[in-house]
Amino acid sequence: MPGAPLIRPTQIQPHPTVLRIPLESDYDLEATLNSGQAFRWRLTEQGWTGVIGHHSVCLRPDGRGIQARTAHPVSEWGWLTDYLQTDLNFDEVLRTFPDDAPMRAALAWCRGLRLLRQDPWECLASFILSSTKQIVQIRQIVESLCRHYGEPLSAPDVPGFAPTHAFPSPARLACADEAGLRSCRMGFRAPYLLAAAQSVAAGQLDLARLGASPPDDARAELMRLPGVGPKIADCVLLFAYGFQTSFPLDVWVLRALRRLYFPGRRINLTLLRGFAATHFGPYAGYAQQYLFHYIRNVKD
DNA sequence: GCCCAGGTGAAGC
DNA sequence: GCTTCACATGGG
């Protein structure tokens with residue numbers, strides 16, 4: 001029997017858990033990951049840690065670009081660059097914004113806020129859970145849901161990663177019961193989430209197909225779900241399917257439009273909807289996210 | 001205690 | 001069409 005080799009081959013291999021993404025324009029990770037479009041990112045000593053699909057990943061600024069570290073080796077990175085939308089010509093997006101005082105103020109406040117391209121199911125489910133909840137609470141509910149129903153993801157023996165869970169699949173949630181979902185503190189939203197999971201799991205709602213549909217059709221399909229109205233549908237269109245003209249009108253964005261564009265006037269909702277639909281150009285959804293971020297963070 | 005939160009559906013006019 | 005209200009829970 002030969003013994004163990006005296007000299008072990010040196011592992012000279014690239015680090016397939018690390019990727020550096022060079023960028024040509026601003027990318028503010030905190031504003032992007034922590035401002036109410038995705039709900040599973042948290043800041044650790046190593047950087048912004050979260051889960052994309054079945055990948056645990058940690059992101060941090062690296063010069064002008066982003067450094068990504070995954071918990072486990074990966075063979076390709078398209079899932080990450082797609083999620084982060086790092087190939088987008090961001091300066092072109094900024095050029096399409098209306099040149100008015102509110103947009104200038106929002107851009108002066110934050111220049112690197114981006115829109116993510118999220119998984120449609122996770123996005124839909126998360127925003128079903130979002131109604132009349134503060135962002136911190138949405139995060140808590142989503143984390144609880146993942147802990148209870150998501151597939152476990154192991155952590156490597158390196159700093160920055162802890163064991164975590166994937167976002168639960170529609171099939172898994174479809175066979176949950178309402179009481180179990182309510183134990184994740186989602187309250188009256190439980191039957192809505194359950195109905196959505198069952199509709200997707202049964203193939204009645206084909207989320208993959210919606211991305212190839214005209215936006216108005218996709219919106220109408222989503223709004224057939226109980227608990228999904230115009231705002232949640234628009235969030236899914238914008239954050240998951242990348243329909244860039246979708247303009248979610250929530251309490252904050254309405255507040256921003258009223259205060260910044262029509263100060264001191266009583267403007268009804270119908271007029272504001274019309275303004276939102278016509279004023280902001282081909283990347284209106286992007287502009288919306290800037291107004292949302294600005295009005296939430298700047299005290300008047 | 002009170003008000004509000006990345007809303008929606010149902011009931012009332 | 002528009003307005004009002006309940007819904008479940010927790011942060012500030």
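Each chain gets a letter, A, B and so on, in the order the sequences are listed, and its residues count up from 1. Reckoned from all heavy atoms, side chains included, excluding hydrogens, waters and symmetry mates. Keep in mind that what you see is a predicted model, and the values were worked out from it rather than measured.
- Minimum atom distance to the side chain of A:Arg255 is reached by B:dA5, of the listed B:dG6, B:dG7, B:dA5.
- When the P atom is used for both B:dG9 and C:dG10, the distance is 23 Å, rounded to whole Å.
- In this structure, A:Trp252 does not pack face-to-face on the six-membered ring of B:dG6, missing the 5.5 Å centre cutoff or the 30° plane limit.
- Spacing between atom CG of A:Leu193 and atom P of B:dG7 amounts to 17 Å, rounded to whole angstrom units.
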Below 3.5 Å, can you tabulate the donor-acceptor pairs from side chains in residues 241-248 of chain A to any protein atom, sequence neighbours excluded?
from	atom 1	to	atom 2	distance (Å)
A:Tyr241	OH	A:Leu207	O	2.6
A:Ser246	OG	A:Phe243	O	3.2

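- Between A:Thr132 and A:Gln140, it is A:Thr132 whose nearest contact on DNA chain C lies nearer the 5' terminus.
- For A:Gln288 and B:dG6, the CD to P distance is 13 Å, given to the nearest whole Å.
- At whole-Å resolution of the value, CG in A:Asp234 and C1' in B:dT8 are 14 Å apart.
- Under the rule for a side chain to side chain contact (heavy atoms under 4.5 Å, CB included), the partners of A:Phe188 that lie at least two apart in sequence or sit in another chain are A:Ser131, A:Thr132, A:Tyr192.
- Applying the salt bridge (charged side-chain N to carboxylate O under 4.0 Å, His left out) test to pairs two or more places apart or on separate chains, those with a residue in residues 56-77 of chain A are A:Arg20-A:Asp62.
- In this structure, A:Tyr290 has its ring center under 6.0 Å from that of A:Phe97.
- Residues passing the side chain to side chain contact (heavy atoms under 4.5 Å, CB included) test with A:Asp157, sequence neighbours excluded: none.
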Report all interatomic pairs (protein N or O, nucleotide N or O of nucleotides 9-13 of chain B) with separations under 3.5 Å.
from	atom 1	to	atom 2	distance (Å)
B:dG9	OP1	A:Gly227	N	2.9

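- Under the rule for a side chain to side chain contact (heavy atoms under 4.5 Å, CB included), the partners of A:Thr270 that lie at least two apart in sequence or sit in another chain are A:Asn268, A:Arg273.
- One can place CD1 of A:Ile128 at 18 Å from C1' of B:dA5, the figure rounded to the nearest angstrom.
- On the P atoms, C:dG12 is 11 Å away from B:dG6, given to the nearest whole Å.
- Pairs of residues two or more places apart, or lying in two chains, that qualify as salt bridge (charged side-chain N to carboxylate O under 4.0 Å, His left out) and include a residue from residues 93-109 of chain A are A:Glu92-A:Arg95, A:Asp99-A:Arg104.
- Under a 4.5 Å side-chain heavy-atom criterion applied to ILVMFWY residues, the cluster that includes A:Val51 comprises A:Leu153 as well.
- Near-neighbour residues of DNA chain C inside residues 179-186 of chain A, defined by a heavy atom below 4.0 Å, number-ordered: A:Arg182, A:Arg185.
- For the pair A:Gln137 CD and B:dG7 P, the computed distance is 11 Å after rounding to whole Å.
- Residue-to-nucleotide contacts include a donor-acceptor pair under 3.5 Å from the side chain of A:Gln289 to the base of B:dG6.
- Atom CD of A:Gln134 is separated from atom C1' of B:dG7 by 14 Å (rounded to the nearest Å).
- Put simply, chain A comes within 4.0 Å of DNA chain C, heavy atom to any atom, from C:dC2 to C:dG11, going 5' to 3'.
- Per the geometry, NZ belonging to A:Lys133 stands 15 Å off C1' belonging to B:dT8, to the nearest Å.
- Taking Ile, Leu, Val, Met, Phe, Trp and Tyr as members and joining any whose side-chain heavy atoms lie under 4.5 Å apart, directly or through other members, the hydrophobic cluster of A:Phe161 also contains A:Val158.
- Every residue two or more places apart in sequence or in another chain was checked for a side-chain hydrogen bond (donor to acceptor under 3.5 Å, both in side chains) with A:Asp119, and none qualifies.
- If you check every strand for non-hydrogen atoms under 4.0 Å, A:Arg296 touches sugar and phosphate atoms only.
- Ring centers of A:Tyr27 and A:Phe90: at least 6.0 Å apart, outside the cut-off.
- At a threshold of 4.0 angstrom between heavy atoms, the contacts of A:Phe239 include nucleobase atoms, whether or not backbone atoms are also involved.
- Rounded to the nearest Å, the gap between the P atom of B:dA11 and that of C:dA8 is 16 Å.
- In this structure, A:Arg42 places its CZ atom where only 12 or fewer heavy-atom neighbours from other residues, nucleotides or ligands lie under 6.0 Å away.
- Between the CG atom of A:Leu113 and the C1' atom of B:dG6 there is a distance of 14 Å, rounded to whole Å.
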